[in-house]
Amino acid sequence: MKKILFNNIRQTYNFTRNLELLFSDYELIRKKHFSNLCLDKLNDIYPNCELFLTHSATGALEMIASLIDVQVGDEIIMPSFTFVATANAFVSKGATPVFIDINPNTLNIDETLIEQAITPKTKAVIAMHYAGHPCKMNVLKEICKKHQLYLIEDAAVGFGNNYKDQALGSMGDFGAISFDVTKHISAVQGGLLLINNEKFKERANNIYHLGTNRNAFQKGETPYYEWVDIGSKYQMNELNAAYLYDQLCQSDEIFRIRQELSKTYYSKLKFLEEKNLLRLIPKDLVGSNIHEFYIILNSKEERERLRIYLNQKNIEALFHYIPLHNTGMGLKTGRYVGAKFTEDISNRLLRLPFHTELTINEVEYITSLIFNFFFNK
Ligand SMILES: *Cc1c(COP(=O)(O)O)cnc(C)c1O
């Protein structure tokens, strides 16, 4: 049997046609034809936000760190259970990351621990929507309003999911979404910055254009453009945009396939959860546009045995997020608030193959092997 990959690229139909078009006319590249088509689609999803297509969510987070003017010693509150990019963007400007424990049921930041972590140096709170599970945005908004902090959404894996009818990434002052090849809608490499705070829209344009007022120039507001701010080349390149546009056009189909897969995983493995052999993703996430299908075993030892068992059967299952507060850089730069749910979940979590090239039959095969693991030892 062929190897079942953890993730895969979607076999796509229109990408080569998009490329042929792009290379038929220099003007299309120069005028960012596919970036603009992508933005048209994305503007429908995030009508309240100013949008910037970036080379990565990492780049979008770095723009946010520049926009809020992070200074040495500023504290940024974030979950410990997240990807390094969340912390790096701010720490590289000298910020102290204040890592907060997760709620073990949602795997999102435990919002009840945030207020005790706030000091006069706190500048922002980052909500990361784990696996696309919405954070309690109403609670986070209230805390940030009360303490005058910026609310930043790391919605890197949140594309396609909502919190109370509002798209993830569009509710904080800032949001970052990833279109990396490891995510469910992909530009191969790419990202999106969302700005939902009027105050920052103009400056964001300058930072995005290498610290120049090129945007004002393009709108005819100034006779030439010049260096006015810090900045970098954060833009997405047109090759990536040509691929992303195809993915956005197919997103309904991509989400439909993934929802079927997650429902199948859930219904097939439900019995094992009822027998307390493992824990599944929260029921209310099944059928939404989640980024991954994970299971939580009863011990690290069992997680490792199942992971190795599946790998021996040619099925790639992975775990992730070494708690940031326990990493070399985390220990050196940050501090931690909470109990030990982050370590505990990190030790017991296993992520199963989940992508559009996976078939229902393959999901059933994977779940049958998980049954074998428990009952035919
Ligand atoms: C993938 C990811 C990022 C980084 O996204 P890139 O587009 O690869 O830079 C940031 N935060 C989280 C939570 C992620 O999963």
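Each ligand, and each atom within it, is numbered from 1 in the order the structure gives. This chain uses plain numbering: 1 for the first residue, then up along the sequence.
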Under 4.0 Å from any heavy atom of [X], which atoms of ligand 1 are there?
| X | value |
| --- | --- |
| V157 | 15 (O) |
| T58 | 4 (C), 6 (P), 9 (O) |
| G190 | 7 (O) |
| Y321 | 13 (C), 15 (O) |

Residue selection (non-hydrogen contact nearest atom 14 (C) of ligand 1) among E292, M128, K183: K183
Verdict with supporting geometry, S80 and H325, side-chain hydrogen bond (donor to acceptor under 3.5 Å, both in side chains): CA-CA 6 Å; S80 175; H325 72 277; 2.7 Å; yes
Single-linkage hydrophobic cluster L352~I360, side-chain heavy atoms < 4.5 angstrom: yes
Any N or O of L61 closer than 3.5 Å to N or O of ligand 1: no
Heteroatom proximity flag, T82 to ligand 1, N/O under 3.5 Å: no
Nearest to [atom], what protein heavy atom do you find, and at what distance?
| atom | answer |
| --- | --- |
| atom 12 (C) of ligand 1 | A156 CB, 3.3 Å |
| atom 7 (O) of ligand 1 | S178 OG, 2.7 Å |
| atom 3 (C) of ligand 1 | F83 CD2, 3.5 Å |
| atom 11 (N) of ligand 1 | D154 OD2, 2.8 Å |

Within the 6.0 Å centroid threshold, strictly below: Y208 and Y234: no
Lys NZ or Arg CZ of R307 over F319 ring: under 6.0 Å, within 45°: no
Nearest-0.5 Å distance that lies between atom CG in N7 and atom CD in E292: 11.0 Å
Straight-line distance of L113 CG to Y336 OH, nearest 0.5 Å: 8.0 Å
Working for side-chain hydrogen bond (donor to acceptor under 3.5 Å, both in side chains), residues Y225 and N215: CA-CA 8 Å; Y225 69 90; N215 187 57; over 6 Å; no
Derivation of the side-chain hydrogen bond (donor to acceptor under 3.5 Å, both in side chains) call for E226 and N213: CA-CA 6 Å; E226 64 179 335; N213 56 347; 5.0 Å; no
Mode of S56 contact toward ligand 1 - side chain, backbone, both, neither (heavy atoms, under 4.0 Å): both
